[in-house]
Amino acid sequence: MAVTYALIFRFETTFIGNVILVKQRNLPMDYRPLENEEKWIHVWAKEGLNKTQAHSDKPKYYVLEMFPYPSGKLHMGHVRNYTLGDTLARFKRMQGFQVLHPMGYDSLGLPAENAAKAHHIHPETWTLAKIEEMKAQQVRLGFSYDWEKEVVTCLPTYYRWNQWLFLQLYKKGLAYKKKAPVNWCTPCQTVLANEQVEDGKCWRCKTMVTSKELEQWFFKITHYADDLLKGLDMLSGWPEKVRLMQENWIGRSEGVQIYFQVQNKPETLTIFTTRPDTVYGITYMVLAPEHPKVLEWVKDTPYESDALAYIKKAKQKTKIDRTDAKQKKEGMFIGQYAVSPFTNEAVPIWISDYVLMDYAQGAVMAVPAHDARDFEFAKMYNLPMKIVIEGGGGDEAYTQPGVIINSDSYTGMSSLEFKALIALDIEKKGFGKKHVQFRLRDWLLSRQRYWGTPIPIVYCEACGPVPVPESQLPIELPKDVEFKWEGNPLDHSAAFTHTLCPTCGKGARRETDTMDTFVDSSWYFLRYCSPSDATQPFSKNEANAWLPVDQYIGGVEHAVLHLLYARFFTRALRDLGLHDVEEPFQRLLTQGMVIKDGAKMSKSLGNTVDPSVIINAYGADTARLFILFGAPVERDLEWSDTGVEGSFRFLGRVFRLCTEHRDKYALQPNKERELQKQLHKTIQKVTQDIGSFSYNTAISKLMELVNFMYMNGTTQQGVETLVLLLAPFAPFISEELWNCFGYKSSVHKATWPIFDPALTVDDVITMVIQVNGKIRDSLEVSAEITQETLEKAALESEKVQKFLEKHTIIKKIFVPKKLLNIVVKPE
RNA sequence: GCCGGGGUGGCGGAAUUGGUAGACGCGCCGGUCUCAAAAACCGGUGGAGGCGACUCCGUGCCGGUUCGAUUCCGGCCUUCGGCACCA
């Protein structure tokens, strides 16, 4: 950092022999962020500058950044996230909005528990200490959060409302328990969400995850599947990419359920298909190995023992293996036949693990000639194929539309027409019904972990599962828990597990599963509106007044998970009557990552840059400015040490321009008009660019203005406008300079400058003269010049004449304020 | 395999109702100041050719539309993400 410090303190070095003498130059007016920034933090706090204003007739604006997990130290990704939001919040305040800009901590979850195990420290002690560390850095960076709105999810004052909301959803049937196969990590003794499984391995201990049947709690997000999908259309302020990801995740498929009679059995087999136009091509059926009828149907057949072995094998496979399209398909015949209601033919029933039990009925009709998966399976086991659409019969399945063949009276129709017709006929004849199937699964919220919200359910021998009465909330996490055992510490706490049944009063056992921490983040943006309310999760009035979040900012990694869960919760809570909002986030910005040497910053790669090192060397304003200037907000930002110095240098230029001797930068004679034009153009550009998140070009415009002022001088009004425009980006230096100008009130309370469109217009412009589309000259002319006048001037230009010799002019194209193109051809 | 976003100087990036490609910053080169350096300030900087005025080439590749294409259309290449046996 030696180089850096030389920059900051501007050492003067003298060489005498080989002894280097270093002394600090006495430049009282120079830019010293490290001496000034801390001062303003205290002034702002004292004056309550960042407090949210009470409701008034001002329009509201809710700016929100995704709250962090408190690991203790901010990384550059956080700094970028919060800087983007803070700049917008400050801009909106200056524009006269009442702004809600809160921060909190998503503070339940595994790391704290792991720390507890490793360092023998209670998760709460660890977490609260980390929050303080992190908050100190956020304050130091000058983020204008209203700390009175802070929300900390690991406190009972917050998570009691998780429990309360769970109970409301439970009453409505939107929270339920069922046995389900889940990702289980044996060493960690807990289930893992899909996102915590990487390449089939536990992200923490790198052990292969297995599948296990467990009684688990789920939220019925599928109840809102269609609504969540339709709602995406309204989210024009969201990136197309995120909307598509959610659309794919929800996975709506229109099709038909068809019932097949099982030969010599009383039951029918129901399947779902999106291709009813291929029903005449069915040659066999496939069930998932876990299909509830398989055991019954294979019983007492010669296939029984093989089938049992196969089912066992399939169940041991992980979900990751199961759904890997690259693996070879395996399966077997189970000795039964299904009768096609269309042809009355009996086709064999097989089982195979390429059919998944948790999608639709866990059973498919196989049409190998027209489905790639069935084709592969049929080839392997030499199953017959029937071509029912013209074009089939090649070395792969023909899955395109076409002309229907071999399909009774339907032969000759187009498959698209037939698809609609057969669905109606199926319903008419009672063979089945139209059905919409979603890929979205219910949200598994159980976790076998201590550091989460206890699920408010009690198990009673006599009464079964009983919800805990609201009056008994919160169910707090016990403090006297040891973290020496494997598995969930709550299971070892007698004080916690032993309880009384709320219904019959007899001894009962408390649920020890805790909630997924995504529950916390699914409604925290509502809690910010009334964070200290002790009587309800949030005030309906406050929520209705502030929501939706006008601008949400965060990483794209939450595109499906958090952002989908939050949309679900918002709808569910609205339907509980708790507020009246449909979509929680009006506009969404997914920021790019901060990278170094072409890769994401990470400890394992050793390419991280610690924000506090940058702050301590250059100050918060420089860190903020570089992060905003370095790249467009949605793209990755490549970290550059020299780029940071460039930002620091710019702030130094601004500082000197505003503070050094007035006549040094006095406006040169006859430049008033030009300065006014520059100022108004800059106001226009910066205002527009902040509105469209083009922070990098807004800053470049400010740099141009500063360059102009260095060249032509400036006025007091000029530097004051500059400082106002800089304030959202670099709040400290702006405040310092504003104070130097003699203002007693904060620059952040000042009004955003307004531009006069008339003053941004150029009266003299450069017009380009082209010959056959190639630029041959450019002329400084009046902006109002007519085609006639310009043509005359152009034809007088020697540069142009050169290219007109021995040519005939065919036509002339005149674009006002842009160019004149003379089209010629050789004589 | 499917879906989506990118490819512009040495680098980060500007500019698209089609109209001066390379704003701004970094780096580099030169100048002023200095005994010297740093800092600061000023100037230059896409490539090739030419002493020069200038000329030609140039926005991933190939074609098309147009007076004119980084921008629009068709076909590729490449890269980064997401999803991936969902019937």
Side-chain angles (χ1 to χ4, degrees), chain A residues 3 6-7 9-15 25 27 30 239-245 247-249 251-253 255 271-275 278 286 288 322-327 329 352-356 358-367 371-374 376-377 437-441 556-557 559-560 593 626 629-632 634-647 649-650 652-653 656 694 696-704 706-707 710-711 766-775 777-778 798-799 802 810-813 815-824:
Chain A
V3 177
L7 239 174
F9 294 113
R10 318 183 82 217
F11 292 117
E12 191 165 274
T13 53
T14 310
F15 293 83
R25 230 197 252 180
L27 289 173
D30 207 0
E240 184 67 16
K241 179 187 180 174
V242 176
R243 289 187 345 209
L244 275 167
M245 282 166 79
E247 199 179 309
N248 293 338
W249 189 265
R252 185 181 195 274
S253 298
I271 61 98
F272 173 72
T273 181
T274 55
R275 294 296 306 273
T278 62
V286 191
R322 250 319 258 286
T323 54
D324 182 1
K326 286 185 206 94
Q327 73 161 354
K329 295 181 181 21
S352 171
D353 62 6
Y354 82 87
V355 177
L356 307 173
D358 59 351
Y359 183 75
Q361 276 68 37
V364 301
M365 63 179 211
V367 185
D371 180 279
R373 295 150 303 182
D374 298 342
E376 187 194 331
F377 194 75
Q437 183 65 43
F438 292 93
R439 208 189 72 112
L440 180 70
R441 312 288 154 83
V556 74
E557 65 272 16
V560 165
M593 291 186 298
F626 170 71
F629 181 62
E634 291 196 84
R635 265 202 248 170
D636 289 349
L637 168 68
E638 172 75 34
W639 189 264
S640 156
D641 291 332
T642 52
V644 174
E645 294 198 2
S647 293
R649 207 173 296 158
F650 169 69
R653 266 167 83 77
R656 288 187 293 278
S694 305
N696 56 335
T697 51
I699 292 167
S700 80
K701 194 70 189 172
L702 289 174
M703 288 171 168
E704 286 184 62
V706 170
N707 291 345
Y710 265 80
M711 273 187 283
T766 307
M767 292 215 36
V768 167
I769 311 301
Q770 297 181 334
V771 178
N772 281 353
K774 293 204 174 191
I775 294 148
D777 201 359
S778 59
E798 282 179 33
K799 290 177 187 173
K802 245 169 73 181
I810 301 167
K811 63 173 163 178
K812 301 179 193 111
I813 288 147
V815 183
K817 300 192 180 172
K818 297 279 185 194
L819 56 73
L820 174 73
N821 186 12
I822 303 169
V823 185
V824 297

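Below, each value reflects all heavy atoms present in this structure, side chains not excepted, and no hydrogens, waters or symmetry copies. None of these values were measured; they are calculated from a predicted model. Each chain gets a letter, A, B and so on, in the order the sequences are listed, and its residues count up from 1.
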Base orientation of B:G9, chi within 90° of 0 counted as syn, else anti, reads syn
For the student: nearest non-hydrogen atoms of [X] and [Y], plus distance:
X        : Y        : answer
A:Thr697 : A:Ser694 : OG1-O, 3.0 Å
A:Asp353 : A:Leu356 : O-CD2, 4.2 Å
A:Asn821 : A:Asn772 : OD1-N, 3.4 Å

Taking the [atom1] atom of each, how far is [N] from [M], in whole Å?
N     : M     : atom1 : value
B:U16 : B:U8  : C1'   : 13 Å
B:G60 : B:C24 : P     : 22 Å
B:A21 : B:C28 : C1'   : 22 Å
B:U17 : B:A84 : P     : 38 Å
B:G64 : B:C54 : P     : 33 Å
B:U59 : B:G52 : P     : 26 Å
B:U66 : B:C77 : C1'   : 26 Å
B:G46 : B:G25 : P     : 15 Å

Interatomic distance where [atom1] belongs to [X] and [atom2] belongs to [N] [whole Å]:
X        : N     : atom1 : atom2 : answer
A:Arg275 : B:A87 : CZ    : C1'   : 11 Å
A:Glu376 : B:G1  : CD    : P     : 15 Å
A:Arg439 : B:G82 : CZ    : C1'   : 11 Å
A:Lys329 : B:A87 : NZ    : P     : 14 Å
A:Asp353 : B:A87 : CG    : C1'   : 15 Å
A:Arg243 : B:G5  : CZ    : C1'   : 15 Å
A:Asn248 : B:G1  : CG    : P     : 18 Å
A:Ile769 : B:G68 : CD1   : P     : 18 Å

**Prompt:** Within the structure shown, what part of the strands sits under 4.0 Å from A:Val355 by heavy-atom distance: base, sugar-phosphate, or nothing?
**Reply:** base
Base, sugar-phosphate alone, or nothing: which one does A:Phe650 contact when heavy atoms must sit under 4.0 Å apart?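 Answer is nothing: A:Phe650 stays at 4.0 Å or more from every strand.
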Hits for ring-ring contact (aromatic ring centres under 6.0 Å, His included) against A:Phe272, two or more places apart or cross-chain, chain-then-number order -> A:His435
By ring-ring contact (aromatic ring centres under 6.0 Å, His included), A:Phe626 pairs with (sequence neighbours left out) A:Trp639
**Prompt:** Would a distance-only check, ignoring hydrogens and angles, find a side-chain to backbone donor-acceptor pair under 3.5 Å from A:Asp636 to A:Met593?
**Reply:** yes
Quiz prompt | Expected output: side-chain A:Tyr354 to main-chain A:Phe377 donor-acceptor under 3.5 Å | solution =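 The answer is no, because no donor-acceptor pair under 3.5 Å joins these two groups.
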_Check this one for me: any side-chain N or O of A:Lys811 less than 4.0 Å away from OP1 or OP2 of B:C67?_
yes
Self-check item: Contact under 4.0 Å: A:Tyr710 side-chain N or O vs B:C42 OP1/OP2
Solution: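 Checking B:C42 against A:Tyr710, no side-chain N or O comes under 4.0 Å of OP1 or OP2.
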Pairing string of RNA chain B (Watson-Crick or G-U wobble, both atom distances under 3.5 Å; | = paired to other strand) is (((((((..(((......[....)))((((((.......))))))((((....))))..(((((..]....))))))))))))....
Out of [options], whichever nucleotide has its closest atom nearest the side chain of [X]:
X        : options             : value
A:Met711 : B:A87, B:G43, B:G81 : B:G43
A:Leu244 : B:C3, B:G82, B:A87  : B:C3
A:Arg656 : B:A87, B:G4, B:C41  : B:C41

Flag for A:Asn248-A:Arg439: side-chain donor and acceptor within less than 3.5 Å
no
Of A:Met245 and A:Thr274, the one whose nearest nucleotide on RNA chain B sits closer to the 5' end is A:Met245
In B/S/- notation (B base, S sugar-phosphate only, - none; protein heavy atoms under 4.0 Å), nucleotides 44-58 of chain B written 5' to 3' is ----------SSSS-
Each nucleotide of nucleotides 12-28 of chain B classed B (base within 4.0 Å of a protein heavy atom), S (only sugar-phosphate) or -, in 5' to 3' order, makes BSS----BBS-BBSSS-
(request) For A:Met365 and A:Thr278, run side chain to side chain contact (heavy atoms under 4.5 Å, CB included): C-alpha distance rounded to whole Å, both residues' side-chain angles, the deciding distance at 0.1 Å, then the answer. (result) CA-CA 10 Å; A:Met365 63 179 211; A:Thr278 62; 3.6 Å; yes
Considering only heavy atoms from C-beta outward, does the side chain of [X] approach that of [Y] to under 4.5 Å?
X        : Y        : answer
A:Thr274 : A:Gln437 : no
A:Leu820 : A:Ile769 : yes
A:Arg656 : A:Asp30  : yes

With sequence neighbours excluded, what pairs up with A:Lys241 under the salt bridge (Lys or Arg N to Asp or Glu O under 4.0 Å) test?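 So A:Lys241 forms no salt bridge (Lys or Arg N to Asp or Glu O under 4.0 Å) with any residue.
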Note to self: Tell me whether A:Asp371 is salt-bridged to A:Arg275, with the criterion being a basic N under 4.0 Å from an acidic carboxylate O.
What the structure shows: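 No, A:Asp371 and A:Arg275 are not salt-bridged.
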